[in-house]
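Worksheet: the structure to be examined is printed underneath.
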Amino acid sequence: MVRPKTEEEIELLRINGELVSRTLAEVGKAVAPGVTTKELDRVAETFIRDHGAVPNFLGFDGFPSSICASVNDVVVHGFPSDYVLKEGDIVSIDLGTLYKGYNGDSAYTFPVGEVDADTRQLLDVTKESLFRGIAEAVAGHRVGDIGHAVQSYAESFGFGVVRELEGHGIGRKMHEEPGVPNYGKPGRGPKLVDGMTICIEPMINAGTRGVYLAKNGWAVHTADHRKSAHFELTVVVRHGHAEQLSTFDYIGKD
C-alpha cells in the first residue's frame, strides 16, 4: 500500500517542484549550438544551490553530476561532458532538488537551434503523451490507465515506447512506489488514491522501442540510434483531476 502524502508534505513537494521548474527554464536559456552539456550542468547546480536546495542527482547511486544531459539517441541518464551541442541536436535535461527533506524531479527535451520536422513531431508527440497520461492520474483510476494513455497516443504516430524505464512515486525519496510505466492496459496496476504523488515521464523513441545500456552503466541508448525524447512532471493524484507540482510554463520566457 502506497501511503498518500499529507497536505504539509505536498506543500514541500510543491516548493521543490517550483524550483525544479525554474531550474529547467534557466538551463533552457543556455541551450544553444556551441555550448557543452557540462556547462548546462554548471548552470543547473549553481541555480539550485543559490535557491537554498541541493541537486539530488549528484552522488545518487554514484551518479557524477547534477543533471542528466541526454543528447539525440541517449534516452536518459547521459553524463554531462565536453560534448558541444550542434544545430539540430536535441538534449533531454533531467534534474532534481532536495529541499527540507523532500524531492523534486522533472525533465524537458530541448531542441538545439532549428530541428527538422520529424524531430519536432517527436518532441511534440512525447510532450502531449505526458499530458494525456497526467489526465488519467485521477483518484480511482489505476497506473495502467496512465500507461495506456501514453502508449496509445505515441504509438499512433509510429513511435516506440520504452519499456525498460518508468516513472515513479516521489516524496522523501526521489524514487518511491508505485512504478509508473509508459505502457499498459486500462484498469490494471496499482490503484491511484487521493494525495498520491507521482512523476510521469514518457520516454519515446523515433524508431524502435529497443534500448541498450552503455558501458558506463548509466546512459541508455536507442537500439537503432535514432533520436529519443523525454518529458517529466510531478503531480498529485486528486479526485476528478491531477494537480501539477511542476510545470513547463517558465520555459522560453525571460
Side-chain angles (χ1 to χ4, degrees), residues 20 23-24 27-28 30-45 48 55-97 103-113 115 118-119 122-123 126-127 129-130 150 154 159-168 170 174-175 179-183 199-233:
V20 163
T23 306
L24 273 178
V27 173
V31 171
V35 174
T36 67
T37 54
K38 190 177 288 184
E39 172 63 14
L40 301 180
D41 184 68
R42 187 197 65 77
V43 169
E45 181 171 2
I48 291 168
N56 58 6
F57 284 24
L58 184 61
F60 181 82
D61 284 347
F63 191 79
S65 304
S66 296
I67 66 170
C68 297
S70 305
V71 179
N72 294 334
D73 72 318
V74 182
V75 182
V76 288
H77 304 160
F79 289 177
S81 69
D82 292 325
Y83 177 82
V84 178
L85 294 172
K86 301 188 300 293
E87 186 88 10
D89 284 345
I90 58 174
V91 56
S92 164
I93 304 298
D94 191 357
L95 57 85
T97 57
N103 288 273
D105 187 10
S106 194
Y108 193 94
T109 303
F110 294 94
V112 182
V115 297
D118 288 344
T119 300
L122 175 66
L123 296 177
T126 305
K127 189 195 293 185
S129 75
L130 167 59
V150 172
F159 295 141
V161 179
V162 175
R163 304 288 203 277
E164 292 79 2
L165 301 145
E166 62 184 12
H168 51 89
I170 190 169
M174 180 162 53
H175 295 147
V180 186
N182 294 303
Y183 66 98
C199 292
I200 303 173
E201 50 178 319
M203 290 154 270
I204 308 298
N205 299 343
T208 175
R209 68 177 176 85
V211 298
Y212 70 91
L213 185 65
K215 290 181 180 179
N216 67 17
W218 281 97
V220 177
H221 292 255
T222 58
D224 58 8
H225 295 292
R226 295 181 68 184
K227 290 175 178 174
S228 183
H230 173 217
F231 292 84
E232 176 183 14
L233 288 170

**Asked** Do Thr109 and Phe231 have side chains that get closer than 4.5 Å, going by heavy atoms?
**Response** yes

**Asked** Is there a side-chain contact between Cys68 and Val76 (heavy atoms, below 4.5 Å)?
**Response** no

**Message:** Within the 4.5 Å heavy-atom criterion, are Phe60 and Leu58 side-chain neighbours or not?
**Reply:** no

**Item:** Nearest non-hydrogen partners of Pro33 and Glu87, listed with the distance
**Value:** CG-OE1, 3.3 Å

**Item:** Distance (rounded to the nearest 0.5 Å) between Asn182 CG and His230 NE2
**Value:** 8.0 Å

**Ring centers of His77, Phe57 separated by less than 6.0 Å** = no

**Asked** Tell me the salt bridge (charged side-chain N to carboxylate O under 4.0 Å, His left out) pairs involving residues 68-77, sequence neighbours left out?
**Response** none

**Request:** Determine whether Asp105 and Val20 make a side-chain contact, defined as any pair of heavy atoms from C-beta on separated by less than 4.5 Å.
**Result:** no

**Request:** Evaluate the side chain to side chain contact (heavy atoms under 4.5 Å, CB included) criterion for residues Ile204 and Val161: first the C-alpha distance (whole Å), next the side-chain angles of each, then the deciding distance (0.1 Å), finally the verdict.
**Result:** CA-CA 5 Å; Ile204 308 298; Val161 179; 3.9 Å; yes

**Message:** Run the side chain to side chain donor-acceptor pair (under 3.5 Å) test against Ser70 and tell me which residues pass, sequence neighbours left out.
**Reply:** none

**Asked** What pair of heavy atoms forms the shortest contact from Cys199 to Ile170, and how long is it?
**Response** SG-CD1, 3.8 Å

**Prompt:** Atom CG of Asn103 and atom CG of Asn56: how far apart are they, to the nearest 0.5 Å?
**Reply:** 4.5 Å

**Complete:** Rounded to the nearest 0.5 angstrom, the CG-CZ distance for Leu122 and Phe159 is 5.0 Å

**Fill in**
Exactly one of Val180, Asp94, Thr126 clears side chain to side chain contact (heavy atoms under 4.5 Å, CB included) with Glu201, and that residue is Asp94

**Message:** Please find the pair of heavy atoms, one from Ser106 and one from Leu24, that lie closest to each other, and give the distance.
**Reply:** OG-CD1, 3.7 Å

**Fill in**
The salt bridge (charged side-chain N to carboxylate O under 4.0 Å, His left out) partners of Asp82 (sequence neighbours excluded) come to Lys38

**Closest non-hydrogen atom pair between Gly207 and Arg226, with its separation** = CA-NH1, 3.6 Å

**Item:** Asp224 CG to Tyr212 OH distance, which is reported to the nearest 0.5 Å
**Value:** 10.0 Å

**Request:** Answer yes or no: is there a side-chain heavy-atom contact under 4.5 Å between Ile90 and Val112?
**Result:** no

**Request:** Indicate yes or no: at least one non-hydrogen side-chain atom of Val75 is less than 4.5 angstrom from one of Thr222.
**Result:** yes

**Item:** side chain to side chain donor-acceptor pair (under 3.5 Å) partner of Asp89, chosen from Thr119, Thr37, Asn72
**Value:** Asn72

**Fill in**
Interatomic distance, CE@Met203 vs CG@Leu130, rounded to 0.5 Å, equals 10.5 Å

**Asked** Which heavy-atom pair separates Leu123 from Ala229 by the least distance, and what is that distance?
**Response** CD2-CB, 3.9 Å

**Request:** Measure the acute angle between the ring planes of His175 and His168, then classify it against the limits of 30° and 60° as parallel, tilted or perpendicular.
**Result:** perpendicular

**Prompt:** Which heavy atom of Ala223 sits nearest a heavy atom of Thr208, and at what distance?
**Reply:** CB-CG2, 4.4 Å

**Verdict with supporting geometry, Glu166 and Tyr183, side chain to side chain contact (heavy atoms under 4.5 Å, CB included)** = CA-CA 9 Å; Glu166 62 184 12; Tyr183 66 98; over 6 Å; no

**Asked** About how many Å separate OG of Ser66 and CD1 of Ile93, when rounded to the nearest 0.5 Å?
**Response** 11.5 Å

